[in-house]
Amino acid sequence: MKRFLYLFSLLLCITGCYDHADLPSPDRCLYLTFQVTDDGTPQYAVKQDNIMQEDETVIDWSSMGFRCEEADLTKDFYMTGYKLRSRFDEWNTVWGEERTIEDQYYELEVRLKHRSGIRMNILFRAYDEGFAFRYVFPEQNGKLLTITDEATEYRFVADHEAWSIPWRTEYYEGLWAKAPLSQKDTMCSPITLELTNGTYAFIHEAALTDYPAQNLYMQDGALRTYLTPWLKGGKETPVKAYETMPFATPWRFVILAHDLQELTASRIMLNLNEPCRIEDTSWIKPMKFIGIWWGMHMKSMTWEQGPKHGATTRNMERYLRFAHDHHIQAVLAEGWNKGWEDWKSFSFTEPYDDWDMDYLSRLADSLGVQIIGHNETGGNAADYESVLDEAYAYHQAHHIHAIKTGYVAPIIRTSDGLQWNKGQSGVRHYRKVIETAARYHIAIDNHEPVMPTGLQRTYPNLMSQEGVRGQEWNAWSADGGSPASHVATLPFTRILAGPVDYTPGVFAFENPAMPGTRVHATLANQLGLFVCLYSPLQMACDLPENYMRHPDAFRFIEDVPCDWEQSMLIDGAIGEFCVFARQERGAENWYIGGINADEPREVTIPLDMLEPDSTYEAVIYRDGDDADWQTRPYDYVIDHRRLTAADTLHLRMAAGGGFAVSIKND
Ligand code: NOJ
């Protein structure tokens, strides 16, 4: 009977019943239905698993469309046709959590015409573990659309638990808070849900280009979209986006995962982005780096010139030699350039006079270490854009292939005046930076970014981004540092949106300059972060002298790669703990990391991912028996063991604790 109903619905699709259309996922476990209601409102609904039963609806009829100055595009549509397509493909990443990504979906293109004459198509994709859609406006004589609202809804059938941060959170640097959807005020995209049936959802957007970032809020039982508005004279206007047809919006997507393994393994977001546009990617290299950085946040150094200036030639020389001696590929230096006195008039080509760029670049070359440049704009994106070519040519001439950019200002100044960084104008700026940098063979680590949406597939020189309450808050935050639960939330929330420059690896937890504020972690936890928090540019953030207090533990940081053949979540609970295993790209070696919030626990790790007939040398860096982030954070133990695929590890994690394991095939 079910099969018959399914065939019948497919037949309807093919023969054309022009007020609805259906789209199954390749495994038939997810089923999306589109309809146009009597008043011409486009709507979709989604069922999962037992798709023929009413109670398997995950998302009930949810409205779509736009309010525009030119027309109300929320109703008065009729369907003029539709098409079904499919794709069963795979592609290779330039760098990533895995080498190869499968891309398999069915696609439905619905063609709509509005009473005003405007044509709007909606592309839906159904994947086994989720769905996506985007609005596509075909060419209509170059006509403009001034979007005042996107009316996309997600009407989940129950009041699920959600993890999110409020939409006005500066730079997305908030603590992820859990509450039922009905109690949420405003939310940045993305959000993660635990559904009442124990499954998970993740809602976000992909391929955000020339359009404002989405935010979400609850109204009348539905999650609704609030696009980041344009500002005029620093005040919000009703306008969200100015578009000229043809154009397509970013994809909206929802992962519907049965468990956290499926959630963290989903690559829907990357699949929705366009393939790589950089022809020669050989210069784009995942790297671990140290930097003249933590000292400024701990207030023992300064960015600006003076007695405590951090980025001096001598200091950099020391960092470069340290990196060379400890197999760290690169060194970041902040405060090398003029402008830090007022954080406004930065130069990106003029070093302070105690920084000899020519000499340091030659030294870096001779040591085989890269310099990572730093371009803090103080939020003045317009000025930065005007000197981008000059700045990147200068860095390229000094053999710098990666730059950390920064936009410290809650509202940035773009060529359109003061704007939200995640508004349409900010999104355009970030895109211009990535594209320009690619031409100069420069990779970007973007701080104070717009939330990542997978653009790194198209521009793999966009390697890492902040957009998180990162480690630096543990140096100076007035609330005493981030709770361990915050970090244990990130792999299931922020990091699903893309690599994060969290800056793991603190080995000295208190800040004499800020009593009461500290890192809520044990030393073993800080090692576990290198595996749990994915970034292809991975900073070991502490000072060399702090690393040399624990050289045996620092060995793990020297060893651990940041580019992976494959990755898998072994175990976890959002905000409580996680354990990831990752295989080094191009090698047989595995690295396992665990991080924990405040409840001590033991985890069991089967090693059946190892080759069955091999024996491996493992080094296990774990919490000592008395470890606890508050009382004994430096209590760690290092065990050496020979392991095979038949073994199972049982590891205890302290409060704020964790572990790191390297498993090498010799
Ligand atoms: C904020 C960034 O997050 C931090 O990493 C950087 O050191 C400062 N801005 C200065 O650019």
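Hydrogens, waters and symmetry mates play no part in the numbers below; they use all other heavy atoms, side chains included. Just follow the structure's listing: the first ligand is 1, and inside any ligand the first atom is 1.
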Under 4.0 Å from a heavy atom of E448: give me the atoms of ligand 1 that qualify, with their elements.
-> 1 (C), 2 (C), 3 (O), 9 (N)
For ligand 1, which atoms, with element, lie under 4.0 Å from some heavy atom of H374?
-> 11 (O)
What do you reckon, does W343 put a non-hydrogen atom under 4.0 Å from ligand 1?
-> yes
Test item: side-chain donor near acceptor, Y407 and N380, under 3.5 Å | no
Can you tell me if H204 uses its side chain to pair, donor with acceptor, with the backbone of P452 under 3.5 Å?
-> yes
Going by atom types only, do W629 and D598 share a side-chain donor-acceptor pair under 3.5 Å?
-> yes
Looking at A508 and N546, what are the two nearest heavy atoms and their distance?
-> CB-ND2, 3.6 Å
The closest protein heavy-atom partner of atom 9 (N) of ligand 1 is V408 CG2, 3.4 Å
Is the shortest N/O to N/O distance between E173 and ligand 1 below 3.5 Å?
-> no
Using a 4.0 Å heavy-atom threshold (strictly under), name the region of W340 that reaches ligand 1: side chain, backbone, both or neither.
-> side chain
What are the atoms of ligand 1, with element, lying closer than 4.0 Å to any heavy atom of W293?
-> 4 (C), 5 (O), 6 (C), 7 (O)
Which residue and non-hydrogen atom of the protein lie closest to atom 4 (C) of ligand 1, and at what distance in Å?
-> E472 OE1, 3.2 Å
Per-atom contacts, ligand 1 versus E334 - under 4.0 Å to a heavy atom | 6 (C), 7 (O), 10 (C), 11 (O)
Which of the atoms of ligand 1 are close to E466, meaning less than 4.0 Å from one of its heavy atoms?
-> 3 (O)
Heavy-atom pair with the smallest gap, counting every atom of D623 and A654 = OD2-N, 2.8 Å
Please could you name the atoms of ligand 1 that E376 approaches to less than 4.0 Å, counting only its heavy atoms?
-> 9 (N), 10 (C), 11 (O)
Under a heavy-atom criterion of less than 4.0 Å, does K404 contact ligand 1?
-> yes
When you measure from the side chain of K422 to the backbone N and O of W167, does any donor-acceptor pair fall under 3.5 Å?
-> yes
Does the side chain of Y384 pick up a donor-acceptor pair with the side chain of N375 at under 3.5 Å?
-> yes
Would you check whether W303 reaches within less than 4.0 Å of ligand 1, judged by its heavy atoms?
-> yes
When you check the side-chain N and O atoms of D416 and Q419, is any donor under 3.5 Å from an acceptor?
-> no
Picking from F322, Y621, F530, what satisfies ring pair (Phe, Tyr, Trp, His ring centres under 6.0 Å) with F554?
-> F322
